[in-house]
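Proteins come first, then strands; the chains are lettered A, B, ... in the order of their sequence lines, and each starts at number 1. In this text the structure is predicted, and so the values were computed from the model without any measurement.
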Amino acid sequence: MSTYAMLIDYEYCTGCKSCEVACKQEYHRPAGRAGGVEVQEFIHRLPNDQLFITYIPTFTRACVFCAGRVKQGMAPACVKHCMANILTFGKLEDLQQQLPEKRKAILWTKG
Amino acid sequence: MSRKDGVTIIKTTTWSPGPGCHGGCGVLVHVKDNKVIKVEGDPDHPWNQGRLCSRCLSMTQYMYHPDRLKTPLKRVGKKGEGKFVPISWDEAFDLIEEKMKKIRKDHGPESVIFHQGTGRDIGGWISMLAYAYGSPNWMFGLSGISCYTPRLMMMSITQGDFAVVDASQWHEKRYDDPEYKIPETVTIWGQNLPATCPDGFFGHWYVDLMKRGTQLLVIDPRCTWIASRAKLWLQLRPGTDAALALGFIHVILKENLWDQSFVEKWTNAPFLVMEKAAGPALLRESHLRSGGSDENFVVHDAASGDFVVWDSKDQSYEQPDTTPSLTGAFSLTLADGSSATVKTVWTRYQENAADYTPEKVSEITWVPADKIIQGARMYAKSAPSALHWGLPIDTIPSTIPTSQAINHLWCMTGNLDIPGGNAIARYACDVVTYPYHAGGAILSLPDEVAKKRIGMNDYGPIKDFRAWAQPDKVLEQIFSGDPYEIKGMWIQTANPIACTGMEPGKWRDAIKKLDFTVCVDLFMTPTAMLCDVILPAASFLEKDSLKAWWVPLQAIKKTVDVAECKSDIEINLELSKRFMKDFPYESVHDLFDSLLASAGMTYKDLQEKTWIMPPDGHPSKPYSRHEKGLLRPDGKPGFRTPSGKVELYSSWLEKWELAPMPYHEEPPYSPVSTPDLFKKYPLILCTGRRMGPFFHSEHRQIPWLREQQKEPVLEIHPDTAEKLGINNGEKVCVENWLGKITVTALTTPIIHPDVVMAEHGWWFPEKEGAEPSLFGVWDVNVNQLIPMSNEGKGGLGAPIKSMLCRVYKAKG
């Protein structure tokens with residue numbers, strides 16, 4: 001059986017939270033609780049003194065990788081609506097081929 | 001499209017109310033049992049390509065919110081007391097008709113103000129209502145009309161048209177269209193784009209471009225996410241943008257980085273300017289010969305040494321084969337026999353820019369001189385190079401010279417209307433859904449009424465460019481009654497008490513002073529609370545409408561009804577019929593059909609297609625339209641300006657007795673212009689930066705959005721906070737000579753230590769609505785620290801993002 005994964009090309013994540021609200025809309029989740037994904041903000045001051053802001057969507061235990069949508073041939077709600085198009089869902093072996101060459105990225109897996 | 005599970009999917013497009021923004025996205029609306037159950041992005045729409053922001057994804061919570069206004073309401077208590085009773089639409093329309101007709105009869109139609117908010121789906125419909133009623137006082141209430149209008153005005157008089165960054169939005173295939181070029185550099189001047197979709201733009205297009213290799217030059221007092229991704233970030237002092245632009249121009253001229261062929265052929269750089277005792281003036285044919293035209297200009301022919309007339313009407317020189325001198329000073333005898341010294345515009349332009357050395361500009365702007373040089377080179381050497389500018393260019397009293405200087409950058413580097421540059425933006429297929437000039441409005445007013453518009457006699461740009469009344473003058477007139485009394489206000493898509501009104505206490509007093517006020521909105525707001533009648537408006541999923549700002553031309557389709565809500569258009573059409581004898585449209589669809597005539601289609605056609613792009617060769621489709629004769633009404637090559645040239649030395653500004661070339665002017669309250677005030681209020685107070693989950697004063701009641709941010713913050717640098725003994729998350733008072741608010745400190749290194757950023761638009765729908773609370777607006781509305789009546793020369797611009805304040809820990 002294939003392992004499914006989410007490729008997060010987070011260099012371009014702008015922290016807009018479309019993923020969070022897309023998930024809440026899809027599953028009618030309440031406000032005030034985490035949905036399937038939450039975006040974390042980091043403000044780094046790098047060794048050269050440059051400020052660098054990074055956002056990383058993190059997937060919670062509530063995330064089901066949109067099994068129902070995927071079964072119907074649709075992308076997960078967060079992937080579909082991501083304003084920066086940084087999320088790709090698929091089989092782990094396929095996504096490993098799609099890793100960006102020149103920047104850091106995250107592969108989030110689920111068996 | 002209907003599915004087995006009883007869900008119908010309707011393809012439509014956005015434009016407020018709902019997401020609140022300036023719209024444009026394609027959406028797929030899932031409807032079941034006459035209820036919207038989900039909204040998704042339309043992957044086939046070229047604008048958003050399937051994506052959608054958190055505000056649009058929250059539409060179900062917005063539309064079916066328990067606090068939504070569901071019926072018209074009539075005030076029964078005292079003003080602001082919060083006592084209203086539901087009434088039917090018939091009663092509401094009858095009451096409004098009776099009250100407003102009485103005001104019109106007793107005081108004249110000009111005594112009612114028609115007050116709108118920012119540029120959403122309203123301009124066409126509120127101007128129609130104002131003019132049907134007979135009032136010329138259609139208004140946007142932000143001091144100095146400081147939102148895009150100053151930039152639009154300046155572009156209009158400089159290059160005859162508006163221009164925006166070409167992010168391929170005119171092409172169905174977008175970035176893959178063979179005609180399109182990815183900009184080598186995009187300069188983002190004062191805007192946090194991913195958090196906003198401003199003025200006919202989609203913020204994340206810049207992320208698309210970054211992925212395709214575009215490098216960024218970001219000019220911003222704050223290190224935003226996009227600034228942190230820039231190749232070069234210039235952290236300037238708020239309100240000094242003109243100086244920085246002139247510093248760029250200085251470097252570009254000195255290092256010969258300008259586009260000589262564009263400047264020579266397409267700008268008025270070779271025109272001659274007289275040196276007169278009263279100041280400089282463009283040399284016109286009428287100065288040269290008696291009986292000559294005021295509208296024709298003069299150049300010096302390098303070959304013959306003759307002075308040759310440029311015929312603005314024919315768009316040609318009187319002598320064929322004229323080679324105008326671009327630089328130089330000359331002497332000549334005028335028609336009245338006097339002698340005059342003249343210089344070319346370009347020579348004067350060089351002299352003007354010579355003052356703005358990187359060192360001097362660095363002193364003004366806080367940006368290091370080497371970075372100014374680096375920035376100018378990066379902008380001017382890139383090809384194509386696109387420049388995106390934001391609201392801070394409007395929110396300063398010196399907005400006119402500031403907009404002008406920045407506008408000149410893309411003209412003098414030849415980036416106007418080229419692929420991947422700044423493309424001229426017109427309403428798609430010339431369909432005007434949002435008029436600027438009175439001439440573009442659905443109805444017109446007789447001259448004797450039109451000339452009563454407030455502010456038009458005070459300010460040239462107000463008179464000649466935009467059909468709005470000048471809001472600072474309106475507020476003054478409400479209290480003075482001079483030259484005539486103001487008796488009523490129609491407020492629609494606006495919340496001046498929480499958002500657009502500077503010194504909002506004055507706006508509260510003004511609204512309460514009037515005899516009759518109506519507010520059209522979707523929720524009870526601090527502003528609605530003060531009004532006599534409140535009408536419940538429909539969201540964009542509950543109305544038919546259309547949009548052409550800028551492309552595509554598209555339909556907004558009604559998917560469901562919610563309670564008794566009506567669209568702004570329906571409301572205004574019904575009242576227009578009651579106010580105007582022989583009002584020409586029976587239904588909203590009649591009106592839309594008439595607006596769509598220039599596109600050669602009916603509203604039904606547009607609904608079937610959902611959206612269309614202007615065809616190749618149409619004046620609303622780029623590129624190089626000045627070369628093709630697509631911009632001027634006479635079909636000649638050139639621009640839609642008085643001379644037909646890009647006017648680096650502006651004949652309109654000369655006419656309005658404003659400086660015709662750009663210059664730096666200090667903000668009215670600053671360490672430089674008011675050093676004594678600065679001692680007492682030692683931090684620069686900036687406001688208005690965008691918040692992703694909220695659009696201006698909206699969305700504070702939407703659970704999925706409000707959970708992203710519960711209360712307003714003041715961004716303050718950690719070093720500054722430490723000096724003041726303030727910890728992150730503590731309540732702080734922000735205070736100046738005008739007022740005080742209490743908000744939560746957010747210590748963050750992204751802001752300059754001498755600047756603080758306060759959020760705008762805050763109120764608390766969950767708090768007491770009746771006065772004095774007005775939903776807690778007075779505790780947090782930063783506009784209480786910003787003055788009215790400090791508008792710039794020309795009636796445009798106001799010191800909204802460059803005030804002074806002090807910050808201290810709140811007690812208790």
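For the pair B/Q708 and A/V21, the tightest heavy-atom approach, listed with the atom from each and the gap, is NE2-CG2, 3.5 Å. Closest heavy-atom contact between A/T14 and B/H204: OG1-NE2, 2.8 Å. When all heavy atoms of B/C53 and A/S18 are compared, the pair lying nearest together is CA-OG, 3.2 Å. A/H81 approaches B/V39 most closely through the heavy-atom pair NE2-O, 4.4 Å.
Other residues, nucleotides and ligands contribute only 12 or fewer heavy atoms inside 6.0 Å of the CD atom of B/E722. Atom CZ of A/R45 sits in a crowded spot, with more than 12 heavy atoms from other residues, nucleotides or ligands closer than 6.0 Å.
Using modelled atom types, no side-chain atom of B/W704 and backbone atom of A/A22 make a donor-acceptor pair closer than 3.5 Å. Side-chain atoms of A/K80 come within 3.5 Å of backbone N or O of B/G41 as a donor-acceptor pair. Checking side-chain atoms of B/R229 against main-chain N and O of A/E11 turns up a donor-acceptor pair under 3.5 Å. Between the B/S228 side chain and the A/I53 main chain, a donor and an acceptor come within less than 3.5 Å of each other. Judged purely by atom type and a 3.5 angstrom limit, B/W225 uses its side chain to pair as donor or acceptor with the backbone of A/C13.
A/H28 NE2 to B/Q61 CD: the interatomic distance, rounded to the nearest 0.5 Å, is 11.0 Å. Here the straight-line distance linking atom CG of B/L57 with atom NZ of A/K24 works out to 12.5 Å at 0.5 Å rounding. Here A/Q25 contributes atom CD and B/S54 contributes atom OG; the two are 11.5 Å apart, rounded to the nearest 0.5 Å. Separating the NZ atom in B/K211 from the CG atom in A/D9 is a distance of 6.0 Å, to the nearest 0.5 Å.
Using a 4.5 Å cut-off between heavy atoms, A/P100 makes no contact with chain B at all. In this structure, chain B has heavy atoms under 4.5 Å from both the backbone and the side chain of A/C16. B/T748 touches chain A through its side chain: at least one heavy atom from C-beta onward sits under 4.5 Å away, while N, CA, C and O do not. Heavy atoms closer than 4.5 Å to chain A are found nowhere in B/K710, neither backbone nor side chain. Using a 4.5 Å cut-off between heavy atoms, B/E40 touches chain A through backbone and side chain atoms alike. Only the backbone of A/R29 comes within less than 4.5 Å of a heavy atom in chain B; its side chain stays farther off. In this structure, chain B has a heavy atom under 4.5 Å from the side chain of A/I43, while its backbone stays farther away. Proximity to chain A involves both the backbone and the side chain of B/I750, based on heavy atoms less than 4.5 angstrom apart. Only the side chain of B/F202 comes within contact range of chain A, with heavy atoms under 4.5 Å apart.
Against chain A, no residue from residues 24-33 of chain B qualifies, as none has a non-hydrogen atom under 4.5 angstrom away.
The candidate from A/G15, A/A84, A/A77 with the greatest count of non-hydrogen atom pairs under 4.5 Å with chain B is A/A84. When each of B/Q49, B/M210, B/R51 is scored by its heavy-atom pairs under 4.5 Å with chain A, the top score falls to B/R51.
No salt bridge links B/E707 with A/R33; every basic N to acidic carboxylate O contact stays at or beyond 4.0 Å.
Residues B/K38 and A/E26 are in side-chain contact: their nearest non-hydrogen atoms beyond the backbone lie under 4.5 Å apart.
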